[in-house]
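All values below come from the heavy atoms of this structure, side chains included, with hydrogens, waters and symmetry mates left out.
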Amino acid sequence: MALDSKERLEDFVRVCKEKGLKITPQRLAVYEILLKREDHPTVEEIYEEVKEIYPFVSLATVYRTVETLEEMGFIRKVAYWGNSVRYDANIQEHDHLVCIMCGSITDLKMDAGCKVPKKVKGFKVLSHSLYMYGVCPSCQRKQ
């Protein structure tokens, strides 16, 4: 696990303690999995990975943990594909490439020269996320 991931996990433990939340192995496993993955998994995909480590974990526990992580600001929802929401542990402002064939979502860091305006049509811009849709290299090879 990268140092940044280790620090983020320690920060999560600290915030849980401050809020009086139990620090369970399952809760830590969910966050660790999200920190390691770059493919924006669904709750079901996270559950399958956690279940390999903790066979008796329930899908409901993973759902609640993901909701808690999102409420605490440690992860965020990204584009919906089909009926499943996907999650990202990279909470820094960044954009995404979404494959219209397989639904894969890839992080994209735009050129630093691209500036997001502070106001748009009267809206005060607090953050942004751009989604570009296309066909990923893997799906292009299959065509």
Side-chain angles (χ1 to χ4, degrees), residues 1-118 120 123-143:
M1 188 173 354
L3 182 59
D4 181 50
S5 294
K6 185 177 181 195
E7 289 170 354
R8 291 182 64 196
L9 196 58
E10 289 170 357
D11 191 39
F12 173 62
V13 169
R14 180 187 55 75
V15 172
C16 283
K17 287 178 181 177
E18 288 172 2
K19 294 186 177 279
L21 294 173
K22 289 183 182 176
I23 304 160
T24 65
Q26 296 86 348
R27 189 171 275 167
L28 291 172
V30 168
Y31 191 41
E32 281 183 280
I33 287 165
L34 279 159
L35 287 170
K36 289 178 187 174
R37 291 183 62 159
E38 296 180 7
D39 63 343
H40 309 81
T42 64
V43 172
E44 292 81 6
E45 291 169 335
I46 299 165
Y47 167 69
E48 289 301 321
E49 202 167 329
V50 173
K51 199 166 72 169
E52 290 176 17
I53 306 163
Y54 300 103
F56 299 107
V57 71
S58 71
L59 181 58
T61 295
V62 176
Y63 265 103
R64 281 192 305 273
T65 300
V66 167
E67 286 174 3
T68 299
L69 285 164
E70 185 186 10
E71 287 168 9
M72 294 169 72
F74 285 95
I75 64 171
R76 62 168 63 167
K77 287 180 186 173
V78 293
Y80 292 74
W81 191 259
N83 292 329
S84 296
V85 177
R86 295 184 171 271
Y87 292 90
D88 192 352
N90 179 356
I91 57 172
Q92 303 300 317
E93 257 187 22
H94 64 284
D95 304 303
H96 295 96
L97 296 167
V98 181
C99 179
I100 62 169
M101 303 288 286
C102 68
S104 68
I105 302 172
T106 304
D107 286 351
L108 174 66
K109 189 70 175 164
M110 296 295 281
D111 183 351
C114 297
K115 301 236 180 204
V116 176
K118 301 256 186 243
V120 177
F123 280 81
K124 179 180 176 185
V125 177
L126 301 176
S127 68
H128 84 282
S129 182
L130 172 70
Y131 292 91
M132 292 186 205
Y133 297 88
V135 180
C136 72
S138 177
C139 289
Q140 288 177 53
R141 287 190 293 275
K142 292 176 188 173
Q143 289 182 329

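The distance from the OG1 atom of Thr65 to the CD1 atom of Ile46 is 9.5 Å, given to the nearest 0.5 Å. Atoms OG1 and OH, from Thr42 and Tyr87 in turn, are 9.5 Å apart once rounded to the nearest 0.5 Å. Rounded to the nearest 0.5 angstrom, Leu21 CG and Phe12 CZ are separated by 7.5 Å. Within the model, atoms CE of Met132 and OG1 of Thr106 stand 12.0 Å from one another, a figure rounded to the nearest 0.5 Å.
Inter-residue side-chain proximity for Leu108 and His96 is flagged as unmet; no heavy-atom pair is nearer than 4.5 Å. The side-chain heavy atoms of Leu9 and Glu32, taken from C-beta on, include a pair separated by under 4.5 Å. Using a 4.5 Å heavy-atom threshold, the side chains of Arg27 and Tyr31 count as separate.
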Apply side-chain contact (heavy atoms from CB on, under 4.5 Å) to Val85 and Val43, showing your working. CA-CA 8 Å; Val85 177; Val43 172; over 6 Å; no

Show the numbers, then the answer: is there a salt bridge (Lys or Arg N to Asp or Glu O under 4.0 Å) between Asp11 and Arg8? CA-CA 5 Å; Asp11 191 39; Arg8 291 182 64 196; over 6 Å; no

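Here the closest non-hydrogen pair linking Val57 and Tyr47 is O-CE1, 3.5 Å. The two residues Ser5 and Leu35 come nearest to each other via the heavy atoms O-CD1, 3.6 Å. The nearest pair of heavy atoms linking Ile23 to Cys16 is CG1-CB, 3.8 Å. When all heavy atoms of Asp39 and Arg37 are compared, the closest pair comes out as OD2-NH2, 2.7 Å.
Glu93 is linked by a side chain to side chain contact (heavy atoms under 4.5 Å, CB included) to Ser127, His128, counting only residues two or more places apart in sequence or in another chain.
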Going by atom type alone, with no hydrogens or angles, which donor-acceptor pairs under 3.5 Å involve a side-chain atom of residues 68-78 and a protein atom two or more places apart or on another chain?
| from | atom 1 | to | atom 2 | distance (Å) |
| --- | --- | --- | --- | --- |
| Thr68 | OG1 | Arg64 | O | 2.9 |
| Arg76 | NH2 | Ile91 | O | 2.9 |

For a quick test of your reading: what N or O donor-acceptor pairs under 3.5 Å do the side chains of residues 134-143 make, sequence neighbours left out?
| from | atom 1 | to | atom 2 | distance (Å) |
| --- | --- | --- | --- | --- |
| Gln140 | NE2 | Val135 | O | 2.7 |

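By the neighbour-count criterion of 12 heavy atoms within 6.0 Å, atom CD of Glu18 is densely surrounded, having more than that number from other residues, nucleotides or ligands. For Glu38, the CD atom is loosely surrounded, since the number of other residues' heavy atoms within 6.0 Å does not exceed 12.
Of the possible donor and acceptor atoms, one in the side chain of His40 sits under 3.5 Å from a partner among the backbone N and O of Ile105. Between the side chain of Glu48 and the backbone N or O of Glu45 there is no donor-acceptor pair closer than 3.5 Å.
No option in Val30, Thr24, Leu28 other than Thr24 meets the side-chain contact (heavy atoms from CB on, under 4.5 Å) test with Gln26.
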